[in-house]
Novice: 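Below is the structure I would like to discuss, written out as structure tokens.
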Amino acid sequence: MIKSTLIKAAQASGKLIQERINGKFSIEKKAGPNDLVTEVDKASEAVIMEIIRESFPDHFILSEEIGEVKMDSSYKWIIDPIDGTVNFANGIPLCCVSIGVEKEGEMIMGAVYNPMMNEFYFAERGQGAFLNDQPIHVSKQTEVQYSCLVTGFPYTYLDMENGPLEVFSRLIRKGIPVRRLGSAAIDLCWVAAGRFDGFYEHRLNAWDSAAGFLLVEEAGGRVTDFKGNHYSPYQPHLVATNGLIHEELLRWISNTHQ
Ligand code: IPD
Ligand code: CA
Ligand code: CA
């Protein structure tokens, strides 16, 4: 029942995103001039919440635009109604809906859907990771020097020591390809699918990574904070890799790789 509700909610949201991506919609600014929310983010959130509420009126919900809907429940749904809103607002088809389901503090299921590419990612703890119902696996790359990486940049806090710009420049100066897609959920799914060998980001929220980090783990990869600790989506730092380059990428981020 949880699985079918999760899939139904992600599909309904994805349909809305696809229908509206090149249309007209109002855009508001949040924390800064480029931190956007569109009326479609809110509409997507409403559709998802309605579908969850039909089956599970007593589950806890954490969703980016509305915040926490606290309930005394062991289940929590963590929703990003559009991940990659700036891409969406510009008609760039690299955006998605991301929904994770936690039970007693452990992520048990996740779905990420990019309807423009017809890519539906799904993972259930212990059951593997899937793209359009086909099993997916992380890559086999063993060295950062030969890896294809991806990252993202927050709208603020860019210039700290070993911050987003320093780490990016460190890798780029060595000729290592580091992409920037603009959707952390897609970045994670593409690590799970073996397209990227690793992803790191300095300032994420729980809704950005909830579903995607489970996808990476279930595809055979590893996800931690910057110190190599077991990943929690309630802290900002994330490193997700195929597992084989993980320790080395942690050293590049902390500048102790030489
Ligand atoms: C953003 C995207 C982006 C990441 C930002 C997130 P939003 O989410 O995931 O890739 O770099 O940190 O805030 O605002 O488009 O949902
Ligand atoms: Ca997001
Ligand atoms: Ca969002």
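Order of appearance sets the numbers: ligands from 1, and atoms from 1 within every ligand.
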Novice: Atoms of ligand 1 less than 4.0 Å from Phe153 heavy atoms?
Specialist: 11 (O)
Novice: Can you check whether Leu250 reaches Val239 side chain to side chain, under 4.5 Å on heavy atoms?
Specialist: yes
Novice: Which atoms of ligand 1 are found less than 4.0 Å from any heavy atom of Glu64?
Specialist: 16 (O)
Novice: Are Ser139 and Asn242 close enough that a side-chain donor and a side-chain acceptor fall under 3.5 Å?
Specialist: yes
Novice: Any nitrogen or oxygen of Gly84, main chain or side chain, under 3.5 Å from a nitrogen or oxygen of ligand 1?
Specialist: yes
Novice: Where the Ca ion (ligand 2) is the centre, what is the OD1-to-OD1 angle for Asp83 and Asp208, rounded to 10°?
Specialist: 110°
Novice: Which single N/O/S atom of Glu64 lies at minimum distance from the Ca ion (ligand 3)?
Specialist: OE1
Novice: Is the closest side-chain donor-acceptor distance between Tyr231 and Ser209 under 3.5 Å?
Specialist: yes
Novice: Return a yes/no value for Val86: is any of its N or O atoms, backbone included, closer than 3.5 angstrom to an N or O of ligand 1?
Specialist: no
Novice: Nearest heavy atom to atom 10 (O) of ligand 1: which of Ala185, Gly182, Gly152 does it belong to?
Specialist: Gly182
Novice: For ligand 1, which atoms sit closer than 4.0 Å to a heavy atom of Asp80?
Specialist: 16 (O)
Novice: Which atoms of ligand 1 sit under 4.0 Å from any heavy atom of Thr85?
Specialist: 15 (O)
Novice: Can you tell me the N, O or S atom of Asp80 that's nearest the Ca ion (ligand 3)?
Specialist: OD1
Novice: Quick check on contacts: which atoms of ligand 1 are under 4.0 angstrom from a heavy atom of Arg180?
Specialist: 10 (O), 11 (O)
Novice: Hey, does Glu201 come in under 3.5 Å of ligand 1, counting only N/O atoms on both sides?
Specialist: yes
Novice: His246 and Thr224: side-chain donor and acceptor closer than 3.5 Å?
Specialist: yes
Novice: Establish, from distance only, whether the side-chain atoms of Trp77 and His59 form a donor-acceptor pair under 3.5 Å.
Specialist: yes
Novice: Flag the pair Phe120 / Phe130 as yes when their ring centroid distance falls below 6.0 Å, and as no otherwise.
Specialist: no
Novice: Can you name the atoms of ligand 1, numbered from 1 with element, that are less than 4.0 Å from a heavy atom of Ala184?
Specialist: 2 (C), 9 (O), 10 (O)
Novice: Would you check whether Ile82 reaches within less than 4.0 Å of ligand 1, judged by its heavy atoms?
Specialist: yes
Novice: Say whether Asp41 and Thr38, considering side chains only, have a donor N or O and an acceptor N or O under 3.5 Å apart.
Specialist: yes
Novice: Determine the minimum heavy-atom distance between Cys96 and Val112, stating which atoms define it.
Specialist: SG-CG1, 3.8 Å
Novice: Please find out if less than 6.0 Å separates the ring center of Phe88 from that of Phe25.
Specialist: yes
Novice: On a heavy-atom basis, I'd like to know which of Asp187, Asp41, Asp83 is closest to atom 9 (O) of ligand 1.
Specialist: Asp83
Novice: Considering the heavy atoms of Asp208, write down every atom of ligand 1 situated less than 4.0 Å from one of them.
Specialist: 6 (C), 8 (O), 9 (O)
Novice: Looking only at the side chains, is there a donor atom on one of Glu45 and Ser63 sitting less than 3.5 Å from an acceptor on the other?
Specialist: yes
Novice: When the ring centroid of His202 is compared with that of Phe226, is the distance short of 6.0 Å?
Specialist: yes
Novice: Taking both backbone and side chain into account, is any N, O or S atom of Gly84 nearer than 3.0 Å to the Ca ion (ligand 3)?
Specialist: no
